[in-house]
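Below: the structure, in structure tokens.
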Amino acid sequence: MKTEQIFSVLEEYGKRNTNKKNTSTSGKGGLQLLCESLEVGLSIVGARPAMGSTSFVLSMALEMSKAGKRVLFYGHPHHNIEDKINRYVGRTEGCSCPFLKDIPFYFTHMFYAEEFQTIKASLKEDIIRLSPDCVFIDCLQDIPVDNRLIYGGMSTAEYLCRELRDLSYRMNVPVVATTRLNLNPEKRSGVEGKIPQIGDFRGGDLAYYASKVFFPHRPEYYHIYHDDRTGEEIRGRMYIYGMGLGENTGMELRFDYKTSQVYDPAQKFWVADDGSTSSDLPF
């Protein structure tokens, strides 16, 4: 497993927040650093239901598209993706999202009636046709699978992770998939106990198939609104933890209920490789 990249991403983010000189020269925020860290292979975003994982990956996808990256987003109707997109861009009068015609963001539904092999075939066709820079899938537990295809004691989630990982390498495109965690965080006590861990995945050791693992975590989900150690209010904050990382090394972002945005308040522009700013943030 190539898990060291998330460590370097968080290390760069930490330097940016502790070194003003580095901040002024790079200008890259946490969300952009996470987007730029995505590479060929499977990245898994694990969180409890309603924690904000869909908003997190959708924010990444939309901001990548605004910066000129071609993004393919697969989601389920019951996740209200169109509504989240409209709220993200500040448009609530409908779900047509006409602005999407101006950026390379491609969204499609995964319907319950479809079996994974059908979805996989459609995904291959879309990748060949659109040549995306990244594919997002939300989420693994909502994808129906023919159990006759699973063998060797694998769980459904492990089978999907293996298939998506192999597809990513064959098609040479990064794949990001969300997955729900089990009830272990609820059973653990204390503020630190609620932070997701590798053992919280539903359906086995999904991290085995991943190049990166992200854990979005909002303390207020557990009605924790203040940091007992500092007394600081943490309402509206989302922390992104990586595989094997402790609670003090997570990336701090913001989560906005009204707009479904996940963003870095310190980032005002998307910084291109040549140092130019290509778009304002947020929408």
Side-chain angles (χ1 to χ4, degrees), residues 1-3 5-6 34-35 37-39 41-61 72-81 84 108-112 114-116 119-120 123 134-147 149-150 153-168 173-188 194-218 221 238-245 250-251 255 260 262:
M1 292 182 294
K2 296 181 291 184
T3 60
Q5 295 90 343
I6 182 62
L34 288 174
C35 291
S37 74
L38 300 177
E39 59 181 19
L42 175 64
S43 296
I44 299 178
V45 177
R48 290 290 297 141
M51 183 65 74
S53 59
T54 298
S55 295
F56 172 59
V57 295
L58 186 59
S59 296
M60 294 178 71
L72 178 60
F73 196 103
Y74 270 58
H76 268 286
H78 76 281
H79 285 183
N80 300 318
I81 302 298
K84 288 179 182 292
T108 184
H109 277 145
M110 292 188 297
F111 291 98
Y112 293 106
E114 292 184 348
E115 199 273 331
F116 174 67
I119 296 174
K120 182 179 176 181
L123 181 56
C134 190
V135 175
F136 292 85
I137 298 176
D138 184 47
C139 83
L140 292 181
Q141 276 76 23
D142 294 325
I143 302 177
V145 176
D146 185 348
N147 291 327
L149 299 175
I150 304 175
M154 298 182 71
S155 68
T156 299
E158 288 175 324
Y159 168 78
L160 288 172
C161 286
R162 186 194 67 181
E163 293 293 301
L164 291 174
R165 177 201 62 183
D166 294 347
L167 176 68
S168 172
V173 60
V175 174
V176 181
T178 65
T179 184
R180 303 187 189 104
L181 302 181
N182 58 34
L183 288 169
N184 284 349
E186 272 74 358
K187 298 176 182 178
R188 295 193 293 264
K194 303 303 182 185
I195 297 174
Q197 302 174 9
I198 292 297
D200 297 338
F201 281 122
R202 288 184 183 180
D205 185 14
L206 307 190
Y208 175 80
Y209 304 94
S211 299
K212 294 182 177 64
V213 174
F214 302 109
F215 291 122
H217 174 64
R218 293 188 298 113
Y221 175 89
M238 174 180 282
Y239 300 93
I240 309 299
Y241 298 101
M243 184 183 296
L245 295 178
M251 178 179 293
F255 177 80
S260 295
V262 176

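Below, all heavy atoms of this structure are taken into account, side chains as well, without hydrogens, waters or symmetry copies. Numbering starts at 1 and runs along the sequence shown.
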Query raised in the report: Heavy atoms, side chains only, cut-off 4.5 Å: are P185 and D200 in contact?
Result: yes
Report task. Just jot down the ring pair (Phe, Tyr, Trp, His ring centres under 6.0 Å) partners of F201, sequence neighbours excluded, or say none. Result -> F215
Report task. For R202, enumerate each residue passing the salt bridge (Lys or Arg N to Asp or Glu O under 4.0 Å) test, keeping only those at least two apart in sequence or located in another chain. Result -> none
Requested in this report: Show your reasoning for whether side-chain contact (heavy atoms from CB on, under 4.5 Å) applies to I81 and D138.
Outcome: CA-CA 10 Å; I81 302 298; D138 184 47; 4.3 Å; yes
Report task. Could you go through the side-chain contact (heavy atoms from CB on, under 4.5 Å) check for S43 and V175 one step at a time? Result -> CA-CA 6 Å; S43 296; V175 174; over 6 Å; no
Query raised in the report: Are the side chains of Y239 and M251 in touch, meaning some heavy atoms are under 4.5 Å apart?
Result: no
Requested in this report: Identify whether the distance between the nearest side-chain nitrogen and carboxylate oxygen of E186 and K194 falls below 4.0 Å.
Outcome: no
Requested in this report: Report the C-alpha distance between I143 and T156 in whole Å, list the side-chain angles of each, state the deciding distance to 0.1 Å, and finish with yes or no for side-chain contact (heavy atoms from CB on, under 4.5 Å).
Outcome: CA-CA 9 Å; I143 302 177; T156 299; over 6 Å; no
Requested in this report: Using the test side-chain hydrogen bond (donor to acceptor under 3.5 Å, both in side chains), find all partners of Q141 that sit at least two apart in sequence or belong to another chain.
Outcome: T179
Report task. Answer yes or no: is there a donor N or O on one side and an acceptor on the other, between the side chain of Y221 and the main chain of P49, under 3.5 Å? Result -> yes
**Report entry** Check ion pair D142-R180 (N to O, under 4.0 angstrom)
**Finding:** yes
Report task. Using a 4.5 Å cut-off on heavy atoms from C-beta on, say whether the side chain of L34 contacts that of F56. Result -> yes
Query - Any residue meeting side chain to side chain contact (heavy atoms under 4.5 Å, CB included) with A47, in chain and number order, not counting sequence neighbours - result: M51, S53, P216
Query raised in the report: Can you name the one residue among I240, V57, T178 that meets side-chain contact (heavy atoms from CB on, under 4.5 Å) with F214?
Result: I240
Report summary line: In this structure, CG of D205 is separated from CE of M154 (nearest 0.5 Å) by 11.0 Å
Report summary line: Sorted by chain and residue number, the side chain to side chain contact (heavy atoms under 4.5 Å, CB included) partners of D146 (sequence neighbours excluded) come out as E115, R148, L149
Query raised in the report: Who pairs with R165 by side-chain hydrogen bond (donor to acceptor under 3.5 Å, both in side chains), at least two apart in sequence or on another chain?
Result: none
**Report entry** Set of side-chain hydrogen bond (donor to acceptor under 3.5 Å, both in side chains) partners for S168, sequence neighbours left out
**Finding:** none
Query - Note, I119 side chain near Y74 side chain (heavy atom, < 4.5 Å) - result: yes
Report task. Answer yes or no: is there a side-chain heavy-atom contact under 4.5 Å between F116 and L140? Result -> no
Report summary line: Applying salt bridge (Lys or Arg N to Asp or Glu O under 4.0 Å) to E163 and not counting sequence neighbours gives K120
Query raised in the report: So how far is it from Y208 OH to L42 CG, rounded to the nearest 0.5 Å?
Result: 13.5 Å
Report task. Provide the closest heavy-atom pair for I44 versus L206 in the form atom of the first, atom of the second, distance. Result -> CD1-O, 3.4 Å
Query raised in the report: So do the side chains of T54 and C139 get within less than 4.5 Å of each other, counting heavy atoms only?
Result: no
Query raised in the report: Sequence neighbours excluded, which residues qualify as salt bridge (Lys or Arg N to Asp or Glu O under 4.0 Å) partners of R218?
Result: none
**Report entry** Partner set under side-chain hydrogen bond (donor to acceptor under 3.5 Å, both in side chains) for T108, not counting sequence neighbours
**Finding:** none
**Report entry** Least distance between heavy atoms, G204 atom then S155 atom
**Finding:** N-OG, 4.4 Å
Report task. Taking the side chain as every heavy atom from C-beta outward, state whether R188 and Q197 have any atom pair closer than 4.5 Å. Result -> yes
Requested in this report: For side-chain contact (heavy atoms from CB on, under 4.5 Å), just list the numbers for L38 and M60, CA-CA rounded to whole Å, side-chain angles, deciding distance to a tenth of an Å, and then say yes or no.
Outcome: CA-CA 11 Å; L38 300 177; M60 294 178 71; 3.9 Å; yes
Query raised in the report: Among all residues two or more places apart in sequence or in another chain, which pass the side chain to side chain contact (heavy atoms under 4.5 Å, CB included) test with S55?
Result: K84, F255, S260, V262
Query raised in the report: Under 4.5 Å between any side-chain heavy atoms of V176 and C134, yes or no?
Result: yes
**Report entry** With R162 via salt bridge (Lys or Arg N to Asp or Glu O under 4.0 Å) - residues at least two apart
**Finding:** none
Query raised in the report: Relative to each other, are the rings of H217 and Y241 parallel, tilted or perpendicular (30° and 60° limits)?
Result: tilted
